Enquirer: 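I'd like to ask some things about the structure below.
Atoms within a ligand are numbered from 1 in the order they appear, just like the ligands themselves. All of these numbers come straight from a predicted model, not from anything done at the bench. The basis for the numbers below is simple: all heavy atoms, side chains too, and nothing from hydrogens, waters or symmetry mates.
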Amino acid sequence: MKGKSLKEIQDGIRQGEQTVLEIVDYYLENIEASAALNIYVEVFAEEAKAQAKVLDQKVQAGEQLGSLFGAVISIKDVICYQGHKVTAASKILDGFTSQFTATALQRLLDQDVIVIGRTNCDEFAMGSSNENSVYGVTKNGVDPSRIAGGSSGGAAVSVQQDTCLVSLGTDTGGSVRQPAAFNGVIGMKPSYGRISRYGVIAYGSSFDQIGVIGHVLEDVGQFIHSMSGRDEMDGTSSSTTVLQEVAPASSYKFAYIDEVMNHPKMDQSIREASQELLKNLTSQGNSVNEVTFPLLKYLVPAYYVLTTAEASSNLGRYDGIRYGHRSEKADSIDNVYQQTRNEGFGKEVKRRIMLGTFVLSSGYYDAYYTKAQKVRRLVTEAIDSILSENDCLILPTSMNVAWQIGSMDHDPVAVYLSDIFTVIANLTGIPALSIPLGKDESGNPFGMQVMSKSYTEAQLIELGKVVQNTLTH
Ligand code: GLN
């Protein structure tokens with residue numbers, strides 16, 4: 001197949017060097033070759049080929065094509081696509097078929113995107129390793145003895161293994177950026193409200209956003225752009241103007257938090273690469289400013305109090321009556337609810353429903369839920385203040401590389417704590433990008449995040465280019 005970026009792929013098609021069908025076949029071969037990694041829960045092979053043929057005929061006939069023609073994507077198993085199954089990697093949605101298509105996906109389909117399949121993820125997007133899936137773990141594309149990351153693990157590996165051009169994931173607390181970093185690809189979460197959540201299975205509604213994983217910044221930006229904008233079906237979607245491009249500035253102001261860069265638990269190779277990047281950004285004429293952020297230790301607790309609270313409410317609808325799986329054992333209505341939920345949800349989801357129900361209970365509401373909301377506001381104020389003085393905040397995506405599969409099973413809290421650097425963007429609603437930063441001595445990739453003010457995605461893509469150029473020079 002010709003071309004790494006969408007533009008190159010489209011040029012190749014227009015010049016008759018390749019057909020859309022050849023591209024689809026190329027990806028299907030890669031899907032087969034990487035089957036052992038457990039990336040896809042379903043591949044839409046015949047449908048994708050049929051759609052490719054229709055597009056090829058349009059090319060032949062010189063007909064008008066959508067702006068994303070030639071792009072083949074995978075979607076995380078939490079995004080509704082009419083007439084296709086969707087399960088959130090949970091037994092409780094076994095057998096459920098989407099009744100409609102998510103607005104964001106529809107906007108891509110309208111531009112001639114082809115969906116090649118749905119990818120594995122943590123159950124209801126809860127996790128950081130893709131180990132909490134009814135389909136089993138997705139393996140890391142670089143080292144299959146390690147986790148892919150999560151919750152959009154399948155999405156990241158689907159790009160890393162070249163089984164599609166870009167992949168749609170969701171990011172509630174880092175689920176697009178962290179697996180992207182662990183597999184050496186780009187991941188971006190837009191501002192909260194930028195992309196409609198209609199048709200995306202909810203985890204934490206005030207945090208969730210669709211994000212994009214890809215190889216090339218321009219493609220990631222273009223996909224975010226194509227999905228963006230107000231949707232009447234999602235009251236939280238924003239009508240703020242979407243800019244696809246902004247003029248690059250000659251230099252930028254980068255902020256960093258010393259406590260983050262020198263975190264005692266940070267892998268040595270990540271620390272070194274981050275320091276090196278700061279130095280090089282400075283020597284290239286950017287201003288790199290240390291800022292204080294005393295709320296670091298409250299991020300993960302506030303995030304998990306609020307998201308489990310929202311999850312416990314969102315998951316109330318899975319009762320065995322309306323969707324998917326229903327227990328065979330139940331002999332009374334109460335039993336239908338109880339048994340169905342007991343059989344249908346996995347361990348991590350149950351843990352979070354219990355945690356969320358607890359923090360929302362009348363006796364503890366103020367102590368946990370209200371307190372966490374106050375922390376969220378303080379974090380937002382602190383980050384807004386940093387970003388009023390600087391163009392962006394940079395910090396590593398994670399303080400470690402992908403861990404060995406199974407090695408963290410005994411310590412769910414340690415896994416929660418590993419989300420510390422990504423949840424900032426979801427607590428505050430700002431857009432965030434993860435760019436491959438380097439590899440440790442064993443070749444395991446890690447990433448650097450860039451975060452900018454809400455609704456400045458186009459500028460964030462420019463900032464990403466500056467970081468990329470600094471890394472390659
Ligand atoms: N690891 C985080 C969690 O488990 C983030 C998940 C996500 O972004 N969907 O909540």
Enquirer: Could you tell me which atoms of ligand 1, counted from 1 in the order shown, lie closer than 4.0 angstrom to a heavy atom of Asp171?
Expert: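 Those qualifying, in numeric order: 8 (O).
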
Enquirer: Could you go through Ser151 and Ser175, starting from their C-alpha distance and side-chain angles, then the distance that decides it, and tell me whether this counts as side chain to side chain donor-acceptor pair (under 3.5 Å)?
Expert: CA-CA 5 Å; Ser151 62; Ser175 276; 2.7 Å; yes

Enquirer: If you have a sec, work out which protein heavy atom is nearest atom 2 (C) of ligand 1 and how many Å separate them, to one decimal?
Expert: Asp419 OD2, 3.1 Å

Enquirer: Would you check the N or O atoms of Thr172, main chain and side chain alike, for any that come under 3.5 Å of an N or O of ligand 1?
Expert: yes

Enquirer: Numbering the atoms of ligand 1 from 1, which are under 4.0 Å from a heavy atom of Ala125?
Expert: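 Numbered from 1, ligand 1 contributes 6 (C), 7 (C), 9 (N).
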
Enquirer: Does Arg376 make a cation-pi contact with Phe207, if we ask for NZ or CZ under 6.0 Å from the ring centre and within 45° of the axis?
Expert: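 Positive - Arg376 is close enough to the ring of Phe207 and near enough to its axis.
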
Enquirer: At a 4.0 Å cut-off, with the gap strictly under it, does some heavy atom of Thr307 reach an atom of ligand 1?
Expert: no

Enquirer: Of the choices Pro179, Gly127, Ser128, which has the non-hydrogen atom that lies closest to atom 4 (O) of ligand 1?
Expert: Gly127

Enquirer: Atom NZ of Lys189 and atom CD of Glu457: how far apart are they, to the nearest 0.5 Å?
Expert: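 CD of Glu457 is found 8.5 Å from NZ of Lys189.
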
Enquirer: How long is the straight-line distance from OG1 of Thr308 back to OH of Tyr369, given to the nearest 0.5 Å?
Expert: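 That separation rounds to 10.0 Å.
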
Enquirer: Taking all non-hydrogen atoms of both residues, which atom of Asp231 and which atom of Ser237 are closest, and how far apart?
Expert: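 Looking at all heavy atoms of both residues, the closest pair is N-OG, 2.9 Å.
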
Enquirer: Under 4.0 Å, heavy-atom basis, I'd like to know which part of Arg177 is in contact with ligand 1: side chain, backbone, both or neither.
Expert: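 Within the 4.0 Å criterion, Arg177 makes no contact with ligand 1.
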
Enquirer: Atom 7 (C) of ligand 1: which protein heavy atom is closest, and how many Å away?
Expert: Ser175 OG, 2.3 Å

Enquirer: Ile201 and side-chain contact (heavy atoms from CB on, under 4.5 Å): which partner among Leu93, Ile79, Thr87?
Expert: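 Looking at Leu93, Ile79, Thr87, the match for Ile201 under the side-chain contact (heavy atoms from CB on, under 4.5 Å) is Leu93.
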
Enquirer: Are Asn314 and Ser205 close enough that a side-chain donor and a side-chain acceptor fall under 3.5 Å?
Expert: yes

Enquirer: If I take atom CG from residue Leu217 and atom CD from residue Gln468, how far apart are they, to the nearest 0.5 angstrom?
Expert: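 If we round to the nearest 0.5 Å, Leu217:CG and Gln468:CD are 4.0 Å apart.
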
Enquirer: Can a non-hydrogen atom of Tyr304 be found less than 4.0 Å from any atom of ligand 1?
Expert: yes

Enquirer: Can you find an N/O atom of Lys76 closer than 3.5 Å to an N/O atom of ligand 1?
Expert: no

Enquirer: Assess Gln209 for proximity to ligand 1: is some non-hydrogen atom of it under 4.0 Å away?
Expert: no

Enquirer: Please list, in number order, the atoms of ligand 1 under 4.0 Å from a heavy atom of Tyr203.
Expert: 3 (C), 9 (N), 10 (O)

Enquirer: For Gly173, take its heavy atoms, then give the atoms of ligand 1 lying under 4.0 Å from any of them.
Expert: 5 (C), 7 (C), 8 (O)

Enquirer: Do Ser74 and Ser167 have a side chain donor and acceptor closer than 3.5 Å?
Expert: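 Judged by distance alone, the side chains do pair up.
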
Enquirer: Any heavy atom of Tyr303 closer to ligand 1 than 4.0 angstrom?
Expert: yes

